[in-house]
Q: 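Structure below; questions to follow.
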Amino acid sequence: MRHHERVSFGSRLGAILAAAGSAVGLGNIWRFPFEAGNHGGAAFILIYLGCVFIFGLPIMISEFIIGRHSKASTGRAYAVLAPGTPWKWVGYLGVLTGFLILGYYSVVSGWTLEYIFQAATGGFSGKTPDEFVAMFNDFSKDPLRPLLWLFVFMGLTHFVIVKGVKSGIEKSSKIMMPLLFVLIILLAVCSIMLPGAGKGIEFLLKPDFSKVTSDVFLGAMGQAFFSLSLGMGCLSTYASYFSKDIRLGHTAMSVGLIDTCVSVLAGLVIFPAAFSVGIQPDAGPSLIFITLPNVFQQAFGNIPALAYICAVAFYVLLALAALTSTISLHEVATAFLHEKFQFSRGKAARLISCLCLLIGIVASLSLGDWSEYRIASLTIFDALDFLTAKIMLPFGGMLAAIFVGWFLNRKIVRDEVTNNGRIKAPYYSLFLFILKFVAPIGISFIFINELGWLG
Ligand code: PFF
């Protein structure tokens, strides 16, 4: 029988940057600051870091094992590794989760294009804080304009996906990720140098444990899964393109580190600047769309060119970060259709883009004309965010941990983390202990505590 070689990333760096490209996104720059702002700043961040190390990295390595060993996208990986068992539903759940996230995530991604446009055409200049609030409200509630940008953004994602794994995903990540890193460091430096920025740094670094409730734990756990792209098999799909010499533990550490650094840097861009101009840190999802244009105007008002450059650079950065993540979300579903039903990549991608656009349209309208349609008092947009980030991702991650910890042949697990005995994996016993006990019990405990499943 002839084997078709599965396409793989061309280099170790390419693989790390593609996975980091998936992880680093709106979750770091849009979602992290408002979650931290709403949950008490540094206390939230400490709990978040705990979630990254205790649950995040071991589950990331599990997803890598599942993807690389099965050589299949997540929708098929469980069926390949555990044929004839109900585990295949975990794969399907991942595809569904990715689909729902891509729907509403693309809406916010589209907003970044509107803000690049506004920033570049001088739409920010001379506006007062109230006018920025009005600008965001008018835009996000407009029935057409956000949809236009949603279409453009989905078109960009579609374009890269159709180009394929090496010349689409890997190449774009190799250009976009370093650019993003340089931009965010420059912006953080500008922000920290503003007068009165110290209070923002304190907010980020000095924990206030009186703010810690069970809600904070669920928020931090959901944020960790969302930000690291875990729990829906996104990284497992990317790992199916990993070659045999990629070190899974090392790659997971690199991705976790890059992702956490970008989140903290995003905090260092946003909070010092917000405090410097007297804006509340708990402004919610609109934080970066209302406070930041304001901040650029007020902070650099007497050097208009600097205000202009910072504003354009920031929204370009946000759009790039979002794009590398929408690509990874799209890839999960596209690869699934391509492998399972033998659709061409182009046909699979067209189908997914169209279906996600439909979800995106509903999510976008739910912030304006359709805001009276609610699910448990949440708009459809917020309900999608809650359901996916706080329930489906941690649940999917827990199942991946149980699968690798309890079900998968131990020799496969050991061979994958040691590259068939060629490298050492001193963390192996701890890793297994976390997968078998700590992750399932810890995640269930947070669910039960917050969602009141015990009544
Ligand atoms: N990690 C991305 C972010 O932080 O923006 C979002 C994301 C991408 C979540 C891929 C889940 C996923 F599978």
Side-chain angles (χ1 to χ4, degrees), residues 17-36 48 51-52 56 59-60 62-64 66-67 73-75 77 90-91 93-112 153 157 160-161 169 173 176-177 180 184 220-240 252 255-256 258-267 285 288 317-336 352 356 384-397 400:
L17 289 182
S22 167
V24 173
L26 294 175
N28 307 66
I29 307 169
W30 165 69
R31 207 171 180 285
F32 178 83
F34 81 73
E35 283 282 330
Y48 171 78
C51 290
V52 168
I59 290 179
M60 193 184 295
S62 307
E63 291 203 7
F64 285 164
I66 294 169
S73 71
T74 193
V90 182
L93 179 74
V95 177
L96 176 70
T97 311
F99 208 67
L100 297 177
I101 297 181
L102 183 57
Y104 80 88
Y105 195 92
S106 308
V107 174
V108 185
S109 306
W111 296 352
T112 64
F153 207 92
T157 308
V160 178
I161 286 291
I169 299 174
S173 306
M176 289 194 259
M177 291 307 294
L180 189 144
I184 201 161
M221 180 172 75
Q223 177 60 26
F225 278 90
F226 189 88
S227 187
L228 294 171
S229 300
L230 291 178
M232 51 154 282
C234 189
L235 294 184
S236 122
T237 301
Y238 271 17
S240 71
V255 173
I258 294 174
D259 191 69
T260 307
C261 283
V262 174
S263 290
V264 173
L265 280 169
I288 59 169
L317 167 112
L318 204 57
L320 291 181
L323 186 60
T324 48
S325 298
T326 52
I327 291 167
S328 71
L329 287 159
H330 203 303
E331 178 65 16
V332 172
T334 303
F336 174 63
I352 300 300
C356 282
L384 281 171
D385 182 56
F386 183 87
L387 179 70
T388 52
K390 295 191 176 157
I391 312 279
M392 292 171 90
L393 292 182
F395 186 60

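All figures in this text were calculated on a predicted structure; none of them were measured in a lab. Whatever order the structure lists ligands and atoms in, that order sets their numbers, starting from 1.
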Q: My understanding is that we take every heavy atom of each candidate and find the minimum distance to atom 4 (O) of ligand 1. Doing that for Gly21, Ala23, Ser325, which one comes out nearest?
A: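 Considering heavy atoms of Gly21, Ala23, Ser325, the nearest to atom 4 (O) of ligand 1 sits in Ala23.
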Q: Which is closest to atom 7 (C) of ligand 1 in terms of heavy atoms, Phe226, Tyr238, Trp30?
A: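 Among Phe226, Tyr238, Trp30, the closest heavy atom to atom 7 (C) of ligand 1 belongs to Phe226.
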Q: Using a 4.0 Å cutoff against the non-hydrogen atoms of Asn28, which atoms of ligand 1 qualify?
A: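 In order of numbering, the contacting atoms are 4 (O).
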Q: Given 3.5 Å as the limit, does a donor-acceptor pair link the side chain of Tyr105 with the main chain of Leu26, or not?
A: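 Here the side-chain-to-backbone pair exists.
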Q: Just jot down the ligand 1 atoms closer than 4.0 angstrom to any heavy atom of Cys234, in number order.
A: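 Near Cys234, meaning under 4.0 Å from one of its heavy atoms, ligand 1 has 10 (C), 13 (F).
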Q: Taking all atoms of both residues into account, what is the closest heavy-atom pair of Ile59 and Gly397, and its distance?
A: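 Minimum heavy-atom separation between Ile59 and Gly397: CD1-O, 3.5 Å.
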Q: Has the side chain of Ser22 got a donor or acceptor atom that lies under 3.5 Å from a matching backbone atom of Leu329?
A: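 No.
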Q: Do any heavy atoms of Ser227 fall under 4.0 Å from ligand 1?
A: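 Within the 4.0 Å threshold, so yes.
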Q: Can you pull out the closest protein heavy atom to atom 2 (C) of ligand 1? Residue, atom name and distance to 0.1 Å, please.
A: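 Result: Ser22 O, 3.3 Å.
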Q: Kindly compute the distance separating OG (Ser106) from CD1 (Ile101), expressed to the nearest 0.5 Å.
A: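 Here the rounded value is 11.0 Å.
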Q: Regarding atom 12 (C) of ligand 1: of the candidates Leu329, Leu230, Leu228, Val108, which has the closest heavy atom?
A: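 The residue whose heavy atom sits nearest atom 12 (C) of ligand 1 is Leu329.
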Q: To the closest 0.5 Å, what do you measure between CG (Leu317) and CD1 (Ile29)?
A: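 One gets 4.5 Å once the value is rounded to the nearest 0.5 Å.
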Q: Give the atoms of ligand 1, by number and element, whose distance to some non-hydrogen atom of Leu26 is under 4.0 Å.
A: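 Those atoms are 5 (O).
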Q: Looking at every non-hydrogen atom in both residues, tell me the closest pair between Ser109 and Thr326 and how far apart they are.
A: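 Minimum heavy-atom separation between Ser109 and Thr326: OG-CG2, 3.9 Å.
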Q: Considering non-hydrogen atoms of the protein only, which is the closest contact for atom 5 (O) of ligand 1, and what is the distance?
A: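 Sorting protein heavy atoms by distance from atom 5 (O) of ligand 1 puts Tyr105 OH, 2.5 Å first.
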Q: Starting at OG1 of Thr74, measure out to CG of Leu93 and round the result to the nearest 0.5 Å.
A: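 So the gap between those two atoms works out to 9.0 Å.
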Q: Quick one: does any side-chain atom of Glu331 pair with a main-chain N or O of Ile161 as donor and acceptor, under 3.5 Å?
A: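 Not at all, since once roles are kept as given, no pair shorter than 3.5 Å links the two residues.
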Q: Considering distance alone, does some N or O of Gly27 sit under 3.5 Å from an N or O of ligand 1?
A: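 Looking only at distances, the answer is yes, because the N/O contact criterion of under 3.5 Å is met.
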Q: Can you sort out which atoms of ligand 1 are near Ser328, meaning under 4.0 Å from one of its heavy atoms?
A: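 Per the distance check, 10 (C).
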Q: So which protein heavy atom does atom 10 (C) of ligand 1 come closest to, and at what separation?
A: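 Closest protein heavy atom to atom 10 (C) of ligand 1: Ser229 OG, 3.3 Å.
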